[in-house]
Amino acid sequence: MAHTPIRLLIAASGTGGHLFPAIALAEHLSDYQIEWLGVPNRLETQLVPKQYPLNTISVEGFQQGFGLASIKVLGRLIGSVLQVRKILQQGNFQGVFTTGGYIAGPAVIAARSLGLPVILHESNALPGKVTRFFGPWCNAVAVGFEVASQYLSRAKTVCTGTPVRSQFLDEATAASLDLSIPEGAPLIVVFGGSQGAVAINKLVRQSASAWFDAGAWVVHLVGDKDPDAESLKHPQYICLPFYNNMAALLQRASLAITRSGAGSLTEMAVCGTPAILIPFPFAAEDHQTYNAKVFTSVGAAIMFQQSDLTDERLRSKVLELLQNPEELQKMRRAAKAIAVPDSADRLAQLVRDLVEKK
Ligand SMILES: CC(=O)N[C@H]1[C@@H](OP(=O)(O)OP(=O)(O)OC[C@H]2O[C@@H](n3ccc(=O)[nH]c3=O)[C@H](O)[C@@H]2O)O[C@H](CO)[C@@H](O)[C@@H]1O
């Protein structure tokens, strides 16, 4: 007898760091009927595969006001909870999965008020405010890094690692790199999270000529907000606003220079990409520094705070690493050692256990 598929609502919104782990999980629940919950005009409208219908609600600005007992914030929260309840009831959903952030508050309250199980995944080493507040209301909080559990003592935490999309796990992906970089040439990949990092871009442009002289190639993903994006030209330099095949690029890279968003870090661990990390200085509660420390503490990466970093320091550190392949190899092994390649399976199993048990 054919049984009806489980219906799951995934509430993930805003940045690649929130969306990609949820997309990876969805790939592992292919027997489920999945719909998405997001907000209009954010990255989900572009990144969520079309097979998952996107429901949108208005929660814009909620996060900024979070914690302030302002009537306006409360009013907005109640409004969004009612919208999510309606979506859950009309869609006959049996559970909710969320990756935290502003969308998680209304999603958790709505689901719990209807008696539906909620699983929250927190990819950062220092869990966000929404996770710390709503975590205890969830049936489980899955964490990407073990260290996050210590900030969630009232929640039921399970360390699953953070899921990456399947192409990151297939070592043959490197062959699909469609950028012409000579085989064997050292490759430095520079990127700044899903939205670019103008400050890193500037430092890299000031430093890169010494790296070219040392024979390295640079693939620079500059984002779409850098006014000087086109200013550097060199035969060993490839500049793009965004690149879709990050798996191939990180597998091929000799070194990455990047922010320390949880998504990028998890992908670099799986691919074994040595990294220089420059945490985004304005990230909430400086959480990117906490993320970076997970990697520096095992020797998988080197961290610089943006305020201390000059083009001179960056230039010489990269040259030093390029001249020391054994050190890069050590970093590569250390990164691989903290990867959780079966994270999507672990998380999917947790979701199945809690949603199907109901
Ligand atoms: C500024 C900020 O607060 N960022 C947060 C945001 O992540 P944010 O999305 O900024 O950064 P992440 O590092 O988590 O993710 C970036 C993602 O974008 C992808 N990518 C990037 C560039 C590109 O050209 N192509 C591409 O596909 C990367 O492969 C990665 O999957 O949520 C994360 C998870 O809560 C946090 O850890 C980050 O601190």
Side-chain angles (χ1 to χ4, degrees), residues 11-24 42-44 46-47 63-64 98-104 120-132 141-145 147-148 161-169 173 177-179 189-201 219-226 229 238-253 256-271 273 275 277-295 301 306 343-344:
S13 169
T15 65
H18 287 96
L19 290 162
F20 289 134
I23 294 170
R42 296 300 306 266
L43 264 186
E44 50 271 35
Q46 298 160 40
L47 293 183
Q63 203 179 26
Q64 283 85 352
T98 178
T99 48
Y102 50 82
I103 197 102
L120 188 156
H121 180 273
E122 171 61 63
S123 55
N124 293 298
L126 173 66
K129 280 186 190 160
V130 173
T131 301
R132 299 202 306 264
V141 178
V143 294
F145 301 126
V147 64
T162 294
V164 294
R165 291 160 287 166
S166 51
Q167 58 270 35
F168 284 91
L169 299 166
T173 301
L177 189 67
D178 57 355
L179 303 171
V189 173
V190 184
F191 65 111
S194 53
Q195 312 179 60
V198 174
I200 296 184
N201 292 350
V219 171
H220 193 173
L221 306 173
V222 288
D224 55 6
K225 295 186 186 76
D226 188 339
I238 299 171
C239 174
L240 298 165
F242 190 84
Y243 188 60
N244 270 318
N245 196 354
M246 284 303 281
L249 201 51
L250 292 178
Q251 285 178 4
R252 169 65 179 82
I257 302 173
T258 181
R259 294 293 189 205
S260 42
S264 310
L265 285 176
T266 307
E267 292 164 359
M268 290 190 293
V270 166
C271 297
T273 317
L277 302 173
I278 309 160
F280 178 51
F282 307 106
E285 302 178 285
D286 197 24
H287 69 262
Q288 290 205 352
T289 296
Y290 290 75
N291 288 343
K293 283 183 179 163
V294 175
F295 284 67
Q306 188 170 302
S343 171

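Whatever order the structure lists them in is the order used to number ligands and atoms, beginning at 1. All figures in this text were calculated on a predicted structure; none of them were measured in a lab.
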Is a side-chain donor or acceptor of Asn291 paired with a backbone partner of Ala125 at a separation under 3.5 angstrom?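 Yes; judged by distance alone, with no hydrogens or angles, the pair exists.
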Strictly distance-based, threshold 3.5 Å: is any side-chain N or O of Thr98 a donor or acceptor partner for the main-chain N or O of Ala11?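 Such a contact is found between Thr98 side chain and Ala11 backbone.
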State, without any angle test, whether Asn124 and Glu122 hold a side-chain donor-acceptor pair at a distance under 3.5 Å. yes
Taking both backbone and side-chain atoms of [X], is any N or O found less than 3.5 Å from an N or O belonging to ligand 1?
X	result
Leu221	no
Asn244	no
Gly16	yes
Gly17	yes
Pro241	no

Which atoms of ligand 1 have any heavy atom of [X] under 4.0 Å away?
X	value
Phe280	1 (C)
Ser123	34 (C), 35 (O)
Tyr243	23 (C), 24 (O), 25 (N), 26 (C), 27 (O)
Phe20	17 (C), 18 (O), 19 (C), 31 (O)
His18	32 (O), 35 (O)

Please write down residue, atom name and distance for the protein heavy atom closest to [atom].
atom	answer
atom 14 (O) of ligand 1	Gly263 N, 2.8 Å
atom 36 (C) of ligand 1	Asn124 OD1, 3.4 Å
atom 32 (O) of ligand 1	Thr15 OG1, 3.3 Å
atom 18 (O) of ligand 1	Ser194 CB, 3.5 Å
atom 21 (C) of ligand 1	Gly193 O, 3.4 Å

Ligand 1 versus [X]: contacting region, heavy-atom distance under 4.0 Å:
X	result
Arg165	side chain
Ser264	both
Asn291	side chain
Phe242	both

Salt bridge (charged side-chain N to carboxylate O under 4.0 Å, His left out) between Lys129 and Glu285, worked out: CA-CA 9 Å; Lys129 280 186 190 160; Glu285 302 178 285; 5.3 Å; no
Which is it for Gln167 and Thr173 under the side-chain hydrogen bond (donor to acceptor under 3.5 Å, both in side chains) test, yes or no, and what are the steps along the way? CA-CA 6 Å; Gln167 58 270 35; Thr173 301; over 6 Å; no
Apply side-chain contact (heavy atoms from CB on, under 4.5 Å) to the pair Val270 and Leu169, showing each step before the final yes or no. CA-CA 7 Å; Val270 166; Leu169 299 166; 3.6 Å; yes
Less than 4.5 Å apart, side chain to side chain, heavy atoms only: is that true for Ile200 and Ile257?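 Contact flag for Ile200/Ile257 side chains = yes.
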Can you tell me how far CZ of Phe168 sits from CZ of Phe20, rounded to the nearest 0.5 angstrom?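 It comes to 7.5 Å.
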To the nearest 0.5 Å, tell me how far Met268 CE sits from Leu277 CG. 5.5 Å
Val198 versus Lys225, closest heavy-atom pair with distance: CG2-O, 3.8 Å
Measuring from non-hydrogen atoms of Arg259 to any atom of ligand 1, is the shortest distance under 4.0 Å? no
Give a yes or no on whether Phe280 atom CZ has more than 12 heavy-atom contacts from other residues, nucleotides or ligands under 6.0 Å away.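 Yes - once you tally the heavy atoms of other residues, nucleotides and ligands closer than 6.0 Å, there are more than 12.
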side-chain contact (heavy atoms from CB on, under 4.5 Å), that's the test. Do Leu179 and Leu249 meet it? Break it down for me. CA-CA 9 Å; Leu179 303 171; Leu249 201 51; 4.0 Å; yes
Among His287, Glu267, Gln288, which residue places a heavy atom closest to atom 29 (O) of ligand 1? Glu267
If you apply the rule side-chain contact (heavy atoms from CB on, under 4.5 Å), what do you find for Phe145 with Leu126, and how did you get there? CA-CA 9 Å; Phe145 301 126; Leu126 173 66; over 6 Å; no
